[in-house]
Amino acid sequence: MTPRVLVDAAAVPADRGALTRYVDGLVAALDRAGADLSVVCQRADAERYAALAPSARILSGPLGISNRAARLAWEQTGLPVLAQQTGAEVIHSPCYSMPLRSGLPTVVTVHDVTWFTEPSQHSEVRASFLRSATRTAVRHASRVIVPSKATRDELVRVLAADPTRIDVAYHGVDPALFHRPSEREVRHAADRLGLHGAPYVAFLGPLEPRKNIPNLIRGFVRAVRDLPDPPALVLAGGLRDADVDAAVEEAPSTVKVLRPGYLAFADLSGFLGGALVAAFPSRGEGFGLPVLEAMACGAPVLTTHRASLPEVGGDAVAYTEPDDVSIADALRALLASRERREALSAAGLTRSREFTWEASAEAHLVSYQRAVE
């Protein structure tokens, strides 16, 4: 019998990005697996988690924890008390940080090690906090969960982490949200973007330095600027990198680059599945959830052969080096070959089905059990 677990979802951000999709997908799959589960979250998220995990006990944290400093303080004091009150046998902290004196085995998910290996690709304040939280997890957590073998190996290399205390649990993909879209879904997403059937290359994710968006823009311009009717480049996600503005300004007026911000979840399958290519030339990822989600939508995917990305894409995606010339060459080749794009679309769709939240939940349950042994 698996131990009673309290999942701390209070740190889940409001942007519904990859971190949120991890916690949401995991909690729902743990509930379906019959786990003895409690979930603590911010009050605004309680209704959502009650719907995702109808058999779980959903607990709302205090009002102030929407503030990051207040949440971290509550994590050290209020979370251990709540865990004792619920009779939890394991605490799962899914977002790097953990309570230090909970009196219970604690499992921590470390999503990424690029805070150490690519520090220039992150804001110093955020990177400094996450480096500290990761070191603490490696030293004090009963088990550490990582989303890829590459992340496990980097933790061992960079922090001399004990590999026998690290469990790999790949992420999954939600087929209700990410699936091969219908023609109506593709048309609706394109119309919402003002494209109205015009071709485009897609990117989905935060526009932060390690995502390598300036080189994607420059590579895209190189690839399409001589075409008589070039496709657009659509960069969907939050704006965090001023260098993106400069790269967009450099683009000639004949090349269209759109930045619509966050898209509605209902539009994501149509957006990704309707793209000529979904391009993710990241400099490094802990897993690469948008790559998997694009594959699940039947998009031909272009990414880099860095860190965990080959574990996700395998032979079902196209690869490029992260510089703009290499991106241009790879994009140009894909845009010129419908046959190649169709082959990648089919291969990616098939491979995406190997990554399920059910399998991820099973790996998490094994980690919880190891934590109490």
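This one's a predicted model, so the numbers in the text were calculated from it and none came from an experiment. FYI, side chains are in, hydrogens and waters are out, and symmetry mates aren't considered; it's all heavy atoms of this structure.
- The stretch residues 226-236 participates, sequence neighbours left out, in no salt bridge (Lys or Arg N to Asp or Glu O under 4.0 Å) pair at all.
- For residues 360-373, every residue pair satisfying the salt bridge (Lys or Arg N to Asp or Glu O under 4.0 Å) rule, not counting sequence neighbours, is listed here: D167-R370.
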Worked check of side-chain contact (heavy atoms from CB on, under 4.5 Å) between V317 and F280: CA-CA 11 Å; V317 302; F280 303 99; over 6 Å; no
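- Of the inter-residue distances, the one linking T106 atom OG1 with M98 atom CE reads 4.5 Å to the nearest 0.5 angstrom.
- R353 pairs by the salt bridge (Lys or Arg N to Asp or Glu O under 4.0 Å) definition with nothing, not counting sequence neighbours.
- Scored by the side-chain hydrogen bond (donor to acceptor under 3.5 Å, both in side chains) test, R135 finds no partners at all (sequence neighbours excluded).
- For the side-chain contact (heavy atoms from CB on, under 4.5 Å) test, no residue two or more places apart in sequence or in another chain qualifies with T77.
- Listed by chain and number, the residues in a salt bridge (Lys or Arg N to Asp or Glu O under 4.0 Å) with D31 amount to none (sequence neighbours excluded).
- Between H111 and F287, the gap from one ring centroid to the other reaches at least 6.0 Å.
- Comment: R338 engages E342 in a salt bridge, judged by a side-chain N to carboxylate O separation of less than 4.0 angstrom.
- Residues meeting the ring pair (Phe, Tyr, Trp, His ring centres under 6.0 Å) test with F220, sequence neighbours left out: none.
- The salt bridge (Lys or Arg N to Asp or Glu O under 4.0 Å) pairs that include a residue from residues 87-96 number zero, where partners must be two or more places apart or lie in different chains.
- With sequence neighbours excluded, the residues that form a salt bridge (Lys or Arg N to Asp or Glu O under 4.0 Å) with R210 are D112, E208, E285.
- Applying the salt bridge (Lys or Arg N to Asp or Glu O under 4.0 Å) definition to pairs two or more places apart or across chains, those involving residues 289-317 are R21-E293, R306-E321.
- Cluster note: W74 groups with L6, V40, L59, I65, L79, L82, I91, L104 through ILVMFWY side-chain heavy atoms spaced under 4.5 Å, whether in direct contact or through intervening members.
- Listed by chain and residue number, E124 satisfy the salt bridge (Lys or Arg N to Asp or Glu O under 4.0 Å) test with R131 (two or more places apart in sequence, or in another chain).
- Note that OG of S308 and CG of D153 are 11.5 Å apart. Values are rounded to the nearest 0.5 Å.
- To the nearest 0.5 Å, atoms CG (L258) and CG (L235) are separated by 8.0 Å.
- When the side chains of ILVMFWY residues are joined at heavy-atom separations under 4.5 Å, either directly or via intervening members, V108 and V366 end up in two distinct hydrophobic clusters.
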